[in-house]
Protein chains: 2
Amino acid sequence: MGKTSYEVKAKFIRGFSDKTRLQILESIKNKEKTVSQIVDDLKGNQSNISQHLACLKGCGIIISRQEGKYIYYSLRNAEIAQLLDIMEAVFVQVEEEVAACERNDELDCCPKQ
Amino acid sequence: MGKTSYEVKAKFIRGFSDKTRLQILESIKNKEKTVSQIVDDLKGNQSNISQHLACLKGCGIIISRQEGKYIYYSLRNAEIAQLLDIMEAVFVQVEEEVAACERNDELDCCPKQ
DNA sequence: CACACATATTAATAATTGCTAATATGATAC
DNA sequence: GTATCATATTAGCAATTATTAATATGTGTG
């Protein structure tokens with residue numbers, strides 16, 4: 001795989017690497033939702049959610065469709081749902097270790113946020 | 001899933017969301033390697049690679065073992081390899097769209113790097 | 001012990017990211 | 001057309017991240 005491809009792939013995966021975006025994905029996983037439904041769901045800020053939705057869409061992770069004044073968002077396809085499931089399954093295996101590392105201030109193990 | 005869990009999960013996934021780390025993972029996917037082997041492989045900077053390795057380790061994605069003065073790194077387990085494969089498969093589906101978005105300067109679709 | 005090599009850590013910096021508040025766009029209903 | 005509701009965009013800011021150069025640690029060898 002060429003260097004450029006790694007960059008694009010990293011960008012794609014970065015779509016999944018934020019707690020708010022993960023919550024959005026969970027929220028729309030089984031059923032498409034409007035922006036305001038998602039905002040309610042996450043008790044979040046409308047502008048913030050809107051930006052994360054644009055991000056997810058730009059990463060090819062979700063799609064949207066308009067119906068009147070509402071815009072419905074959903075996962076792009078079944079493969080994305082499957083990827084989420086597998087991420088979850090693998091994550092559960094290492095969760096404790098990752099959480100522990102996060103607490104450890106001496107060892108500066110990269111992504112903190 | 002609780003809020004904290006989303007944060008930890010996001011951190012775990014963030015381990016995969018960088019082009020250098022993806023290259024490292026590709027490099028050690030089939031065979032454990034020493035730091036200098038990886039540095040050679042990626043034609044990278046030793047300090048930089050070392051930090052990314054610490055990051056991947058902190059995220060529970062890779063493990064290491066020492067043999068004399070060398071330290072060998074490898075994927076944590078087969079599930080991580082499987083996750084990488086599925087990420088790749090799903091990514092290929094949306095690659096063109098993500099790449100296109102990256103070029104589009106008007107639409108500021110989140111993660112750029 | 002001194003030297004060479006392998007790897008890790010630190011510090012400084014530039015770039016990216018996520019958040020909030022404010023404003024803009026677009027659609028419907030009256 | 002104007003008011004209202006849903007969503008998007010913008011700008012500014014605080015925090016995080018990736019990178020590099022320099023230095024430190026640790027391991028084997030003579």
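Chain letters run A, B, ... following the sequence lines, proteins first, then strands; residues in each count from 1.
- A donor-acceptor pair is defined here as one N or O able to donate and one able to accept, closer than 3.5 Å; no such pair exists between the side chain of A:R21 and the backbone of A:L53.
- A heavy-atom distance below 4.5 Å is not found between the side chains of B:V35 and B:I38.
- With sequence neighbours excluded, the residues forming a side chain to side chain donor-acceptor pair (under 3.5 Å) with B:S64 are B:K57, listed by chain and number.
- Applying the salt bridge (Lys or Arg N to Asp or Glu O under 4.0 Å) definition to pairs two or more places apart or across chains, those involving residues 36-50 of chain B are B:K33-B:D41.
- Partners of B:E67 under the side-chain contact (heavy atoms from CB on, under 4.5 Å) rule, at least two apart in sequence or in another chain, are B:R65, B:Y72.
- For residues 17-51 of chain B, the set of pairs meeting the ring-ring contact (aromatic ring centres under 6.0 Å, His included) definition, not counting sequence neighbours, is empty.
- In this structure, the NZ atom of A:K11 is 18 Å from the C1' atom of D:dA18, given to the nearest Å.
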For nucleotides 28-30 of chain D, print each protein N/O atom paired with a nucleotide N/O atom at under 3.5 Å, atom names and distance only.
none

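- Atom-to-atom, CG of A:L53 to P of C:dG18 comes out at 13 Å; the value is rounded to the nearest Å.
- Shown here are the side-chain contact (heavy atoms from CB on, under 4.5 Å) partners of A:L25, two or more places apart in sequence or in another chain: A:F16, A:L56, A:I61, A:I62, A:L75, A:L84.
- Within the structure, ring-ring contact (aromatic ring centres under 6.0 Å, His included) pairs that include any residue of residues 23-44 of chain A do not occur (at least two apart or interchain).
- Distance B:Q66 CD to C:dC5 P: 18 Å, rounded to the nearest Å.
- Taking atom CG on B:D18 and atom C1' on C:dT17, their separation rounds to 14 Å, with Å as the unit.
- Listed by chain and number, the residues in a side-chain contact (heavy atoms from CB on, under 4.5 Å) with B:N48 are B:N45, B:H52 (sequence neighbours excluded).
- B:K29 meets the salt bridge (charged side-chain N to carboxylate O under 4.0 Å, His left out) test with B:D85; sequence neighbours excluded.
- Atom OH of A:Y70 is separated from atom P of D:dT7 by 7 Å (rounded to the nearest Å).
- Dashed line: the shortest gap from a side-chain N or O of B:H52 to OP1 or OP2 of D:dT19 is under 4.0 Å.
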Sort me out a list of protein N/O and nucleotides 21-23 of chain D N/O pairs below 3.5 Å, or just none if empty.
residue	atom	partner	partner atom	Å
D:dA21	N6	B:S47	OG	2.7

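- DNA chain C lies under 4.0 Å from at least one heavy atom of each of the following residues of residues 30-44 of chain B: B:T34, B:V35, B:S36.
- Contact annotation: A:Y73 reaches the phosphate of D:dA8 (side-chain N/O to OP1 or OP2, under 4.0 Å).
- Not one N or O on the side chain of A:S50 forms a donor-acceptor pair closer than 3.5 Å with the backbone of A:S47.
- Residues satisfying the side-chain contact (heavy atoms from CB on, under 4.5 Å) criterion with A:S74, sequence neighbours excluded, are A:E32, A:I63.
- A:K19 has a side-chain polar atom (N or O) that falls below the 4.0 Å cut-off from OP1 or OP2 of C:dC19.
- Between B:K57 atom NZ and C:dT7 atom C1' there is a gap of 11 Å when expressed in whole angstrom units.
- Residue A:R14 has no polar side-chain atom (N or O) positioned under 4.0 Å from OP1 or OP2 of D:dT17.
- For the OP1/OP2 pair of D:dT19 and a distance below 4.0 Å, the side-chain nitrogens and oxygens of B:T20 include at least one atom meeting the criterion.
- If you measure from atom CD1 of B:I13 to atom C1' of C:dT17, you get 17 Å, rounded to the nearest angstrom.
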